[in-house]
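Just so you know, residue 1 is the first one in the sequence shown, and it goes up from there. Both backbone and side-chain heavy atoms feed into the values below; hydrogens, waters and symmetry mates do not. Order of appearance sets the numbers: ligands from 1, and atoms from 1 within every ligand.
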Amino acid sequence: MTEDSITYPIMLKLDLTHTLAVLFFTLTIAICARRKNSRRLPLPPGPRKLPIIGNLFNIPSKGHIWLEYGEMCRKHNSDIIHLSALRNSIIILNSARAVGDLLEKRSLIYSSRPPTVMLGELMGWGATFIFRPYDDEWKAQRRILTRAIPPTDVKRFHPKQITATHDLLRVLGQSNDIMKDLHTWAAVFIMDVTYGIQGEEAVPYLKTAIEALDSMAIAGTPGAFLVDQIPLLKYVPEWFPGAEFKRKAREWNLLRIKMTEDAYRVTKERMADGTATPSLTSVALEQIDLTKDPAQQEEQIKAASVTAYGGGSDTIVGALGAFILAMLMNPHVQTEAQQELDSVLAPGDLPTFSLEPDLPYISAVVREVLRHQPVTPLAFPHLVTEEDVYRGYLIPKGSIVMPNVWSILHNEEDYPDPYRFNPSRFLDANGSIDPNVNDPTNFAFGFGRRACPGKDIALASLWIGVASILTCYRIEPEIDEHGNLMDRKGEWYPGPTLFNHPLPFKCRFIPRSKDVETSLDV
Ligand code: HEM
């Protein structure tokens, strides 16, 4: 045996140890350097931060907050800005590019939701998947919904949508409260899909749902309640001066419980006595896996159902309300749409989904409604679960990320003269939908893994609603007590809110022909 042959293995061992040590050392340095580096990277621009409270006083908490965020971005000449408020880091994305790069392409880490004390904890909505973090429970609940309402099979719901829309047409002619009638239309349809509760039977559930969803929209608006910035405030007793939010939270939680339990209980009872019609709830209950915890699965079904109901009623109402107001304000658009309908439909006929390819102007009206007054101008806040770097800026882990859909849909480059209601912007020279114009439905329904699972069903409801109302009625100003036509005007819910919808307004629905009245049997 030579010396070499004895020492070689030891050398090898030493070498290996040495190599590993160097590797470990290098890696540690690299990680530290990256951390140090990323710490040295600048945050995106934004208003100047004060010590401790950061931008607490810059965060808009009143009015149409999407306009203020848009203005901040313009002021800082950036489509991505950063604000901080006590423990929160907030990123506003003000362009389609920034939203696409982060919420779509990096959706693995941009798909959670910020925890909210007021809405999630004190009001109890945190268990429903719309507000849940990106976790297994979110996946389980979302799966329940997408199994019952598969985006690939929306045609299944067309007959229900037609029935609900014809019911709406029958009441619009005598309407005293348009927004209430629209709520009934949306609720009747969504109650049927979600719980199998049909027609007039759905109406008693409506009042609770409207109040619960209004409270959700108010409490869900970032910045609306200080307890979201200072969570310790949640321990303040209700009687304490200034603790009004605690009383509100208690009342709003009761509304949530009522909305969640009442319709669910009815569906279960009907399943037990064999009278249930198929619905999201009944189908999911039938599919319960008895080898796993059935009580937990029931809670998931309840949460998924109330989320579908909640997500799908106010939003469609807001959009159809915006459409009616737009028609009141833009009579020439109504005329153009009605000319198209009259050229395709025989007298007395009502639109069907099969006519969609022949009615591009109607489809353009739907797009313009969703663009001109988007229902969810800030979509819903996302939360980034890992530290990230974008265009040289540090995006801190745990930042709340808000896409400014309003700004995206009102940018002059994609939509010249953006404040004008102009469906023709979506048509090419032949009057067909122009594929080169950015489709607002790619933005109006949110982004990445959290994108709205009800998008297709919502678009179908809106399309048939718009086509049917314009076939039957001319929308004209109301007449005042002196017999004069009132101004063509409407106002929008002033906020603070995440939802953009018109305040109740007056108008008349004037039947366009006797034939249609006969078809509807009114
Ligand atoms: C005009 C109608 C609608 C609009 C504008 C709308 C818009 C949105 C938006 C912006 C989001 C948030 C997406 C994100 O976080 O990026 C969302 C989420 C959601 N929407 Fe809709 N939506 C509509 C109709 C519906 C309908 C009809 C349903 C139910 C059938 C529904 C159910 C949901 C649910 C369950 C979520 C939560 C998704 C999640 O967090 O994973 N929505 N919607």
Side-chain angles (χ1 to χ4, degrees), residues 66 93 99-100 102-104 107 110-114 120 125-135 137-151 154 156-157 160-161 164 182 185-187 189-195 213 216-217 220 279-281 303-323 366-367 369-371 373-383 400-406 408-409 440-463 465-466 498-501:
W66 46 90
L93 305 176
V99 164
L102 299 184
L103 301 191
E104 300 278 0
S107 76
Y110 280 85
S111 290
S112 208
R113 293 268 193 242
W125 282 107
T128 54
F129 80 92
I130 198 162
F131 300 114
R132 279 203 71 84
Y134 182 61
D135 60 8
E137 179 64 27
W138 169 80
K139 281 187 192 137
Q141 287 187 30
R142 188 160 166 131
R143 208 176 306 120
I144 292 171
L145 193 149
T146 46
R147 237 193 260 153
I149 309 177
V154 279
R156 177 146 50 100
F157 299 99
K160 289 184 196 294
Q161 285 167 315
L182 297 186
W185 161 77
F189 168 64
I190 206 84
M191 283 296 278
D192 191 1
V193 170
T194 313
Y195 297 104
L213 294 176
M216 186 206 269
S279 64
L280 187 160
T281 308
S305 302
V306 78
T307 311
Y309 181 79
S313 46
D314 260 15
T315 44
I316 303 191
V317 172
L320 206 65
F323 153 71
V366 173
R367 286 184 186 203
V369 167
L370 291 168
R371 184 202 70 81
Q373 289 290 346
V375 184
T376 42
L378 289 171
F380 277 20
H382 287 222
L383 183 115
I400 298 170
V401 183
M402 289 200 279
N404 196 340
V405 174
W406 178 280
I408 295 171
L409 295 176
T441 68
N442 291 333
F443 306 103
F445 292 91
F447 307 96
R449 291 164 204 224
R450 297 306 287 234
C452 176
K455 174 179 171 179
D456 299 287
I457 215 172
L459 284 174
S461 281
L462 286 176
W463 190 87
V466 166
L498 278 184
F499 290 107
N500 181 35
H501 58 82

Under a 3.5 Å threshold, I'd like every N/O contact between ligand 1 and protein atoms, with atom names and distance.
{"unit_1": "ligand 1", "atom_1": "15 (O)", "unit_2": "R113", "atom_2": "NH1", "d": "2.8"}
{"unit_1": "ligand 1", "atom_1": "15 (O)", "unit_2": "R113", "atom_2": "NH2", "d": "2.9"}
{"unit_1": "ligand 1", "atom_1": "15 (O)", "unit_2": "H382", "atom_2": "NE2", "d": "3.1"}
{"unit_1": "ligand 1", "atom_1": "16 (O)", "unit_2": "H382", "atom_2": "NE2", "d": "2.7"}
{"unit_1": "ligand 1", "atom_1": "16 (O)", "unit_2": "F447", "atom_2": "N", "d": "2.9"}
{"unit_1": "ligand 1", "atom_1": "40 (O)", "unit_2": "R113", "atom_2": "NH2", "d": "2.9"}
{"unit_1": "ligand 1", "atom_1": "40 (O)", "unit_2": "R450", "atom_2": "NE", "d": "3.0"}
{"unit_1": "ligand 1", "atom_1": "40 (O)", "unit_2": "R450", "atom_2": "NH2", "d": "3.2"}
{"unit_1": "ligand 1", "atom_1": "41 (O)", "unit_2": "W138", "atom_2": "NE1", "d": "2.8"}
{"unit_1": "ligand 1", "atom_1": "41 (O)", "unit_2": "R142", "atom_2": "NH1", "d": "2.8"}
{"unit_1": "ligand 1", "atom_1": "41 (O)", "unit_2": "R450", "atom_2": "NE", "d": "3.3"}
{"unit_1": "ligand 1", "atom_1": "42 (N)", "unit_2": "G311", "atom_2": "O", "d": "3.2"}

Legend entry - S111 backbone acceptor or donor facing R450 side chain under 3.5 Å: yes
Inset, instruction - Sorted by first residue and then second, give each side-chain hydrogen bond (donor to acceptor under 3.5 Å, both in side chains) pair with at least one member in residues 137-148; sequence neighbours left out. - result: E137-Q141, E137-Q300, R147-Q287
Inset, instruction - Could you tell me whether the side chain of R367 and the main chain of T441 form a donor-acceptor pair under 3.5 Å? - result: no
Inset, instruction - Report the residues that fulfil side-chain contact (heavy atoms from CB on, under 4.5 Å) with P381, sequence neighbours left out, ordered by chain and then residue number. - result: P114, P222, I400, M402, L498
Inset, instruction - Look only at the side chain of R371 and the backbone of L409, and say whether a donor-acceptor pair between them is shorter than 3.5 Å. - result: yes
Inset, instruction - Identify, with sequence neighbours excluded, every residue that meets side-chain contact (heavy atoms from CB on, under 4.5 Å) alongside A186. - result: V317
